[in-house]
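Okay, so here's the structure we're looking at.
Worth knowing before you read on, the calculation uses all heavy atoms, side chains too, and leaves out hydrogens, waters and symmetry mates. One-based numbering, in listed order, for ligands and for the atoms of each. Source: prediction; values computed, not measured. Each residue takes its place number in the sequence, starting with 1.
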Amino acid sequence: MEVDASRLVFADPFGMALLAATFHKVREQNGFVRVHHLNAKLSGYLQRMDVFEGVELVGCAPMQGQRHDRADALMEVTRLEQQSDIGNAAYRLTTALVGQMPVMNRDEQPDEMSGYTESDRLAEPIQYALNELLENALTHARRAGYINACVWLSSQYYPSNGLIRVGVVDNGCGFLATLRGHTALHQETHLAAILAALQPRVSCNRDLGLRSDSVNQGVGLTTTRRIAERAGGRLYIASGDAIHSDSASSHLANGAYWQGVAIALECKRQKLPEVRFRDLLPPVEPQLAVRLRFQ
Ligand SMILES: Nc1ncnc2c1ncn2[C@@H]1O[C@H](COP(=O)(O)OP(=O)(O)OP(=O)(O)O)[C@@H](O)[C@H]1O
Ligand SMILES: [Mg+2]
C-alpha cells in the first residue's frame, strides 16, 4: 500500500486509530505500507503517536530529539487484544486527560463515607465510557467469526478549544452482524444497526439469547453518548458504510467502508465536573413479579 500523504494537514485520535488499524490489516495480509510526502510537522507528531508501527516512511523527516513525556495531554495509539488490559488502559488514558486538571488537588483526602475524592468523581465518567467502548470492542466485535478482532485507542487534549478527543476503533464484525434479527433493527443496513445499538436496553446479548447467563443490559453505548453530550460533546460512530453523530447520519464518503466499529468521542474537559454519570444510566426495567407458592 503506497500512501500519498502530501495533502494531510491534521490528524485527530480517531483518524490516527483508524490509520493504525488499517496499516495493521495490510501487514497482517503480508502486505507492506509506505507513506510518502508527509510534512515534517505531522511526520514528527504521528511518529510520536506510534501510528507508524511497521510502516516505511519515504522522504519524511525522522522523529527528532528525545520523546517528551506528554502523559498529561495525550495517549499514543495503543492496541488492545485482551479484556484483561481494558481496566489499565482506561485508567491510564483517564489519568492522562483528566488527572492533570488544575482543579485537581492531589493531596485531597477521600470522603470518609464513599472513599472517593473529587478527582475520582471527575475521572469517573470518562473512565466509564472508555471501559464500555473497549469492552464492546473485545466482546461483541468478536462475534460472527471475528474472533481475533482487536481495538485501537488513542486520545488527546486540545487546550486551544478545551476539547478532549478519543478514538476507539475495532476491526471486528460491526453492529449489523451482532444485531441481525433483533426486533429493534427495522432495516438490514449498517446505519439502522448503529441507531438500534444506541437505543437504551438494546443488546445482542440480552435479547437474542446468545448466552443464557447474559451479562449485558444494553446500556453502555446509550450512557456513553449521554456522557459525551452532557459534557458538551458528542459521539461519532462509523460501521460498515455508515456514519452517525447526534446531528446527522450519512454514508461514508467515496464509497468507503469500515469493517468493524469506529467511534470518536469528544467532550469539553471543563464540563466533566458537571457530569453525574449514574444519573444518565437508563432506568432499571421493572422485573416481572415472581410468584412464590408454598405447597
Ligand atoms: N464494537 C462493537 N462491535 C459489534 N457490535 C457492537 C459493538 N459495540 C456494540 N455493539 C452492539 O450494540 C449493542 C449495544 O451495545 P451496548 O454497549 O449499548 O450494550 P451491551 O454491550 O449489549 O450491554 P452493556 O453495555 O449494558 O453491558 C451490543 O449488544 C452489540 O449488539
Ligand atoms: Mg456494552
Side-chain angles (χ1 to χ4, degrees), residues 14 17-18 21 25 79-83 85-87 89-90 125-154 166-229 234-244 246 249 257-265 277-278 280-285 287:
F14 181 56
L18 277 165
K25 184 169 189 164
R79 183 164 68 97
L80 306 185
E81 286 181 324
Q82 290 173 21
Q83 267 178 285
D85 296 334
I86 291 178
I126 281 279
Q127 208 167 332
Y128 171 88
L130 282 169
N131 266 307
E132 290 301 319
L133 296 180
L134 293 172
E135 196 71 42
N136 282 352
L138 291 177
T139 56
H140 304 311
R142 291 183 160 171
R143 298 182 195 281
Y146 285 76
I147 46 169
N148 293 321
C150 44
V151 59
W152 284 258
L153 172 69
S154 174
V166 181
V168 180
V169 171
D170 72 57
N171 58 359
C173 62
F175 288 108
L176 184 54
T178 61
L179 289 172
R180 224 174 232 125
H182 196 290
T183 48
L185 185 69
H186 301 305
Q187 268 180 319
E188 291 251 330
T189 64
H190 291 287
L191 183 58
I194 296 176
L195 297 176
L198 279 167
Q199 289 175 33
R201 305 269 167 218
V202 168
S203 168
C204 61
N205 202 14
R206 175 176 184 251
D207 316 293
L208 293 183
L210 290 174
R211 290 177 51 173
S212 51
D213 58 340
S214 178
V215 290
N216 296 100
Q217 289 299 313
V219 301
L221 215 49
T222 313
T223 312
T224 299
R225 173 165 73 166
R226 290 177 182 172
I227 290 172
E229 284 169 0
R234 67 184 65 173
L235 290 188
Y236 296 84
I237 305 182
S239 185
D241 61 0
I243 181 157
H244 172 80
D246 58 354
S249 301
Y257 188 96
W258 184 254
Q259 179 56 58
V261 168
I263 298 185
L265 181 158
F277 90 85
R278 287 196 181 77
L280 303 177
L281 287 164
V284 177
E285 283 186 336
Q287 300 282 320

[X] versus [Y], closest heavy-atom pair with distance:
X: Ala89; Y: Leu80; result: CB-CD1, 3.8 Å
X: Ala149; Y: Ala141; result: CB-O, 3.9 Å
X: Gln217; Y: Ser203; result: C-CB, 4.3 Å
X: Ala21; Y: Val169; result: CB-CG1, 4.1 Å

Please round to the nearest 0.5 Å and tell me the distance separating atom CD of Glu81 and atom CG of Asn148.
->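 The CG atom of Asn148 is 8.5 Å from CD of Glu81, to the nearest 0.5 Å.
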How many angstroms lie between atom CD1 of Ile237 and atom CZ of Arg225, to the nearest 0.5 angstrom?
->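 It comes to 7.5 Å.
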Candidate with minimal heavy-atom separation from atom 13 (C) of ligand 1, of Thr224, Val202, Ile237 =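 Answer by nearest heavy atom: Val202.
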Show the atoms of ligand 1 that are less than 4.0 angstrom away from any heavy atom in [X].
X: Gln217; value: 23 (O), 24 (P), 26 (O), 27 (O)
X: Ala197; value: 12 (O), 14 (C), 18 (O)
X: Val261; value: 1 (N), 2 (C), 3 (N)
X: Glu132; value: 25 (O)
X: Ser203; value: 20 (P), 22 (O), 29 (O)
X: Asp170; value: 1 (N), 2 (C)

Would one find an N or O of [X], backbone or side chain, under 3.5 Å from an N or O of ligand 1?
X: Asn205; value: no
X: Cys173; value: no
X: Asn136; value: yes

Given Leu185 and Leu176, is the side-chain contact (heavy atoms from CB on, under 4.5 Å) satisfied, shown in steps?
-> CA-CA 9 Å; Leu185 185 69; Leu176 184 54; 3.8 Å; yes
Of the side chain and backbone of Leu179, name the one, both, or neither that has a heavy atom under 4.0 Å from an atom of ligand 1.
->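 The answer is the side chain of Leu179.
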Quick one: list whatever passes salt bridge (Lys or Arg N to Asp or Glu O under 4.0 Å) with Asp85, sequence neighbours left out.
->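 Checked Asp85 against salt bridge (Lys or Arg N to Asp or Glu O under 4.0 Å); zero matches.
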What protein N/O/S atoms lie closer than 2.8 Å to the Mg ion (ligand 2)?
->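 Within the sphere that stays under 2.8 Å of the Mg ion (ligand 2), the protein atoms of type N, O or S are Asn136 OD1.
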Are any of the heavy atoms in Gly174 under 4.0 Å away from ligand 1?
->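 Gly174 counts as a contact of ligand 1 under the 4.0 Å cut-off.
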Any donor-acceptor pair under 3.5 Å linking the side chain of [X] with the backbone of [Y]?
X: Asn171; Y: Gln259; value: no
X: Arg226; Y: Leu280; value: yes
X: Arg201; Y: Pro283; value: yes
X: Trp258; Y: Asp170; value: yes

